[in-house]
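Here the structure is laid out as structure tokens; the discussion comes afterwards.
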Amino acid sequence: MSMHILDDQHLDHDLATIRIKNLRLRTHIGIKEDEIKNRQDVVINAVIRYRAEKAVEFNHIEQALNYRTITKAVIALVEDHRFLLLERITREVLDLIMSHEQVLTAQVEIDKPHALRFADSVSITLSDTREPRRPR
């Protein structure tokens, strides 16, 4: 379950990239009766970009985007709520990440393992940005 974001032609070399990989959580997700009653596994991957010059220069956590704080908030959101659709849970996780002022761009992919009979999983990916899009 790999994610791809931004190829080299779009890469701003002043940005740091944080990747949260395969965060495995359990939540209520779905519309069928057994999905409403029972928690299911979801796997979350996120790519977060922010300007890290001050973190690099000063080497203090206060200057960095704290991925532990973000991850704890994602865990609380996902485990404490119920969702009907993958689109909704993905948007809520993305909005939570984007609520941190330092975040410039983020992409979230959430997999629902075994959602289809012959597939490993089904996933939804959404992304957001604070930066205006550059003309090509």
Check: Can you name the nearest heavy-atom pair linking Val78 to Thr27, along with the distance?
Finding: O-OG1, 2.5 Å

Notebook entry, point to check: Can you name the nearest heavy-atom pair linking Ser127 to Leu94, along with the distance?
Noted result: C-CD2, 3.6 Å

Next item on the list: Could you go through the side chain to side chain contact (heavy atoms under 4.5 Å, CB included) check for Val108 and Asn45 one step at a time?
Entry: CA-CA 6 Å; Val108 173; Asn45 286 281; over 6 Å; no

Only counting residues at least two apart or in another chain, list the ones meeting side chain to side chain donor-acceptor pair (under 3.5 Å) with [X].
X      : answer
Asp41  : Arg26
Ser123 : Glu109
Glu33  : Lys37

Quick one: does [X]'s side chain get under 4.5 Å of [Y]'s, heavy atoms only?
X      : Y      : result
Thr105 : Val47  : no
Gln63  : Ile61  : no
Val74  : Thr71  : no
Val43  : Pro113 : yes

[Y] backbone acceptor or donor facing [X] side chain under 3.5 Å:
X     : Y      : value
Arg24 : Asn22  : yes
Arg49 : Ile18  : no
Thr90 : Leu126 : no

Notebook entry, point to check: How is the hydrophobic cluster of Leu85 composed, in terms of its other members, when Ile, Leu, Val, Met, Phe, Trp and Tyr link through side-chain heavy atoms under 4.5 Å apart, directly or indirectly?
Noted result: Ile31, Leu84

Note to self: Can you pull out every salt bridge (charged side-chain N to carboxylate O under 4.0 Å, His left out) where at least one residue sits in residues 66-82? Sequence neighbours excluded, please.
What the structure shows: none

Notebook entry, point to check: Which residue pairs pass the salt bridge (charged side-chain N to carboxylate O under 4.0 Å, His left out) test when at least one of the two sits in residues 88-102, sequence neighbours left out?
Noted result: Arg88-Glu92, Arg91-Asp95, Arg91-Asp128

Notebook entry, point to check: Who passes salt bridge (charged side-chain N to carboxylate O under 4.0 Å, His left out) against Lys32, sequence neighbours left out?
Noted result: none

Checklist line | Same apolar cluster: Ile89 and Ile36, side chain cutoff 4.5 Å | finding: no

Notebook entry, point to check: Should Val42 and Val122 be regarded as members of a common hydrophobic cluster, given that ILVMFWY residues are connected when their side-chain heavy atoms come within less than 4.5 Å of each other, either directly or indirectly?
Noted result: yes

Margin query: Within a 6.0 Å radius of atom CG on Asp120, are there more than 12 heavy atoms belonging to other residues, nucleotides or ligands?
Written below: no

Note to self: Tell me every residue that passes side-chain contact (heavy atoms from CB on, under 4.5 Å) with His81, counting only those two or more places apart in sequence or in another chain.
What the structure shows: Leu77, Phe83

Check: Residues in side-chain contact (heavy atoms from CB on, under 4.5 Å) with Gln40, at least two apart?
Finding: Ile29, Glu35, Lys112

Next item on the list: Among Leu15, Leu104, Ile20, find the residue that satisfies the side chain to side chain contact (heavy atoms under 4.5 Å, CB included) test when tested with Ile48.
Entry: Ile20

